[in-house]
Enquirer: 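One structure follows; several queries about it will come next.
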Amino acid sequence: MLRCAIVVRIEKQTDPGSYRVESATAVTNGSSESAVYERYAAASREVEPALCCPVEYAAEYLAAIPQEIIDKDYGCGDPTPYVDAGETVLDLGSGAGKLCFMLSQKVGPQGRVIGVDCNTEMLSLARKHQPVVAGTVGYSNVDFRYGMIQDLQLDLARLDEQLDKVPIRTSADWIAARSTEDKLRREQPLIADDSIDCIVSNCVLNLVRQQDRRQLFGEMFRVLKRGGRAAISDIVSDETVPEHLQQDGRLWSGCLSGAFREDEFLEAFAAAGFHGMKIVNRQSEPWQTIEGIEFRSVTVVAYKGKQGPCLERNQALIYKGPFRKIEDDDGHAFVRGDRMAVCDKTFRLLQQPPYEGHFEPVEPREQIPVEQAAEFDCRRSKRRDPRETKGTDYRETVASDDACCGDDGSCC
Ligand SMILES: C[S@@+](CC[C@H](N)C(=O)[O-])C[C@H]1O[C@@H](n2cnc3c(N)ncnc32)[C@H](O)[C@@H]1O
């Protein structure tokens with residue numbers, strides 16, 4: 001069961017010992033979460049230039065977006081090129097909604113965009129402009145939801161409703177509230193399992209507490225459909241950020257000291273079960289440098305869908321090069337030019353994005369139906385003897401067909 005560090009804001013009442021829950025706002029005093037909350041609440045009221053990292057967005061989508069939203073953009077990259085028409089997209093930490101409003105146009109009227117943010121003031125700002133953008137583009141396909149991105153099951157608006165009915169006064173109430181949370185997660189999740197084609201995020205993952213990051217990536221994996229992808233722009237560091245910088249709430253909330261180290265960022269996707277991670281954009285010059293540590297924006301695309309049974313259907317893949325040898329996310333090694341034995345799942349997976357074009361597929365002469373296929377041992381890489389794909393009894397001799405000679409006398 002996933003758990004989230006939701007802390008209810010409790011207000012002391014005039015009669016002694018009585019407390020009223022003001023809201024389920026995700027705030028803890030003195031923590032990085034409270035620093036983030038306060039900073040972005042303020043940045044929703046007044047533009048904060050220090051939070052703006054220069055980004056060149058696809059201009060075609062900006063005309064429909066109100067100036068206030070453009071001004072209160074606190075992103076650091078543009079994941080919109082990795083989203084397709086008709087898709088259901090989830091924006092983690094949607095802020096004032098700029099990315100959602102751009103994606104609304106990219107996915108078109110058949111697609112949907114869901115923005116999740118835990119800052120009520122940012123949500124209000126985005127929702128205020130939502131009808132204006134819908135009026136300009138001619139349809140409404142954006143939905144802003146209240147939640148924490150590391151706990152996409154818990155709908156904080158519904159939790160607020162429950163807490164209004166049953167306020168927390170004692171620790172026993174608090175224990176009961178935890179059961180309410182679990183029930184909401186189970187029965188009315190904010191984002192359902194396997195429901196999203198593409199997750200995007202712009203400069204938000206670095207703001208999530210270290211202890212919640214494994215759960216954050218697990219949640220991203222949970223909500224994506226099989227074959228879905230994440231396109232995440234975020235700030236990364238080139239070295240480990242020391243503790244004293246991480247303790248600085250201003251640097252943390254400013255998207256700096258919570259930055260993932262760039263290699264660990266990619267590793268976090270792999271640990272959650274993603275495959276095919278690719279850095280599709282990396283600023284060559286750092287956005288900021290602190291104590292010699294460089295902070296820059298990257299955009300990474302990662303895929304869900306390598307899980308499942310491995311079946312032997314006598315298929316092979318030939319890696320075309322240019323490297324002498326490569327290895328995929330499951331440890332299968334491919335030697336340039338060699339026909340390597342693969343299971344049915346890997347055979348299909350490595351012909352799809354982001355691998356398409358790198359391999360030559362070799363099908364067996366006689367197909368093995370899926371229901372008759374034995375288990376394939378995916379733990380070791382081995383070559384596929386051509387006789388395995390052609391059959392040991394294959395003895396045909398096929399002469400070249402004269403018909404393939406061109407009129408000019410050239411022959412293939
Ligand atoms: C740097 S701003 C980026 C906003 C937006 N993506 C953009 O490009 O302008 C970070 C946003 O993430 C939200 N945020 C931070 N931590 C969050 C969390 N754990 N769950 C949900 N939202 C979060 C903040 O409230 C804020 O709106």
Side-chain angles (χ1 to χ4, degrees), residues 2 4-7 24-28 31-45 47-55 57 61-62 65-66 68-80 89-103 113-127 129 142 144-157 190-191 199-213 215-217 219-220 231-235 249-259 287 295 297 299:
L2 295 163
C4 155
I6 291 294
V7 174
T25 306
V27 174
T28 50
S31 72
S32 61
E33 279 183 342
S34 73
V36 169
Y37 193 90
E38 302 307 337
R39 185 106 180 238
Y40 290 97
S44 71
R45 297 188 290 266
V47 175
E48 198 196 321
L51 293 174
C52 303
C53 172
V55 181
Y57 290 99
Y61 302 121
L62 296 181
I65 301 178
E68 184 181 16
I69 300 298
I70 306 246
D71 293 344
K72 290 175 180 168
D73 160 32
Y74 301 123
C76 60
D78 182 7
T80 57
V89 184
L90 171 66
D91 180 12
L92 302 179
S94 43
K98 177 173 164 184
L99 201 54
C100 291
F101 295 136
M102 291 174 74
L103 290 167
V113 183
I114 303 164
V116 170
D117 206 290
C118 66
N119 192 302
T120 51
E121 295 189 47
M122 275 293 185
L123 280 172
S124 301
L125 175 62
R127 286 175 180 154
H129 288 282
V142 184
F144 291 105
R145 300 186 188 173
Y146 181 27
M148 298 193 80
I149 61 172
Q150 62 270 48
D151 188 0
L152 292 168
Q153 283 184 313
L154 187 59
D155 184 331
L156 292 182
L190 184 73
I191 309 290
I199 296 177
V200 296
S201 185
N202 199 355
C203 218
V204 183
L205 272 51
N206 70 82
L207 296 171
V208 173
R209 300 184 312 176
Q210 299 284 10
Q211 62 266 44
D212 293 338
R213 288 184 177 184
Q215 180 175 309
L216 166 68
F217 280 83
E219 279 292 80
M220 287 164 55
I232 309 293
S233 299
D234 221 308
I235 297 293
R250 196 83 196 141
L251 289 179
W252 186 283
S253 61
C255 294
L256 287 159
S257 59
W287 171 46
F295 296 88
S297 163
T299 301

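Note that ligands are numbered from 1 as they come in the structure, with each ligand's atoms numbered from 1 the same way. For reference, positions follow the sequence shown, starting with 1.
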Enquirer: Using every non-hydrogen atom in the two residues, find where Trp287 and Ala50 come nearest and quote the distance to one decimal.
Expert: CZ2-O, 3.9 Å
Enquirer: Nearest protein heavy-atom contact for atom 19 (N) of ligand 1: which residue, which atom, what distance?
Expert: Gln150 OE1, 2.9 Å
Enquirer: Polar-atom distance check: Gly93 versus ligand 1, any N or O pair below 3.5 Å?
Expert: yes
Enquirer: With only distance considered, is Tyr74 within less than 3.5 Å of ligand 1 through an N or O on each side?
Expert: yes
Enquirer: At less than 4.0 angstrom from any non-hydrogen atom of Val36, what atoms of ligand 1 do you find?
Expert: 15 (C)
Enquirer: For Leu216 and Leu205, which heavy atoms make the closest approach, and how far apart are they?
Expert: CD2-CG, 3.7 Å
Enquirer: Considering non-hydrogen atoms only, spot the tightest contact between Leu125 and Ala96 and give its length.
Expert: CD2-CB, 3.6 Å
Enquirer: What atoms of ligand 1 come within less than 4.0 Å of a heavy atom belonging to Leu207?
Expert: 10 (C), 15 (C)
Enquirer: Among Val116, Asp212, Ile149, which one puts a heavy atom closest to atom 20 (N) of ligand 1?
Expert: Ile149
Enquirer: Within the structure, is a non-hydrogen atom of Gly147 found at a distance of less than 4.0 Å from ligand 1?
Expert: yes
Enquirer: Looking only at the side chains, is there a donor atom on one of Tyr146 and Asn119 sitting less than 3.5 Å from an acceptor on the other?
Expert: no
Enquirer: Would you check the N or O atoms of Asn202, main chain and side chain alike, for any that come under 3.5 Å of an N or O of ligand 1?
Expert: yes
Enquirer: Can you measure from CE (Met148) to CZ (Arg209) and round to the nearest 0.5 angstrom?
Expert: 7.0 Å
Enquirer: May I ask which of Ser94, Gly75, Ser44 has a heavy atom nearer to atom 8 (O) of ligand 1 than the others do?
Expert: Gly75
Enquirer: With a 4.0 Å heavy-atom cut-off (strictly under), which part of Ala96 contacts ligand 1: side chain, backbone, both or neither?
Expert: neither
Enquirer: Taking all atoms of both residues into account, what is the closest heavy-atom pair of Ile149 and Glu219, and its distance?
Expert: O-CB, 4.1 Å
Enquirer: May I ask you to check if ligand 1 and Val204 share an N or O to N or O distance below 3.5 Å?
Expert: no
Enquirer: Under 4.0 Å between a side-chain nitrogen and a carboxylate oxygen: does that hold for Glu48 and Arg39?
Expert: yes
Enquirer: Given the rule in the side-chain contact (heavy atoms from CB on, under 4.5 Å) test, do Leu152 and Leu90 qualify, once you have shown the distances and angles that lead to the verdict?
Expert: CA-CA 11 Å; Leu152 292 168; Leu90 171 66; 4.0 Å; yes
Enquirer: Under 4.0 Å from any heavy atom of Cys255, which atoms of ligand 1 are there?
Expert: 1 (C)
Enquirer: Of the protein's non-hydrogen atoms, which lies at the shortest distance from atom 25 (O) of ligand 1, and what is that distance?
Expert: Asp117 OD1, 2.7 Å
Enquirer: Under 4.0 Å from any heavy atom of Met122, which atoms of ligand 1 are there?
Expert: 27 (O)
Enquirer: Report yes or no: does Leu51 have a heavy atom closer than 4.0 Å to ligand 1?
Expert: no
Enquirer: Looking at Gly95, which atoms of ligand 1 are within less than 4.0 Å of one of its heavy atoms?
Expert: 4 (C), 27 (O)
Enquirer: Near Asn119, which atoms of ligand 1 are under 4.0 Å from a heavy atom of that residue?
Expert: 25 (O)
Enquirer: Distance alone, cut at 3.5 Å: any donor-acceptor contact between the side chains of Tyr37 and Thr120?
Expert: yes
Enquirer: Run the side-chain contact (heavy atoms from CB on, under 4.5 Å) test on Val200 and Ile232 for me, step by step, so that the C-alpha distance in whole Å, both residues' side-chain angles and the decisive distance to 0.1 Å come before the verdict.
Expert: CA-CA 5 Å; Val200 296; Ile232 309 293; 5.8 Å; no
Enquirer: Pick whichever of Gly258, Cys118, Ala41, Ser201 has a heavy atom sitting closest to atom 18 (C) of ligand 1.
Expert: Cys118
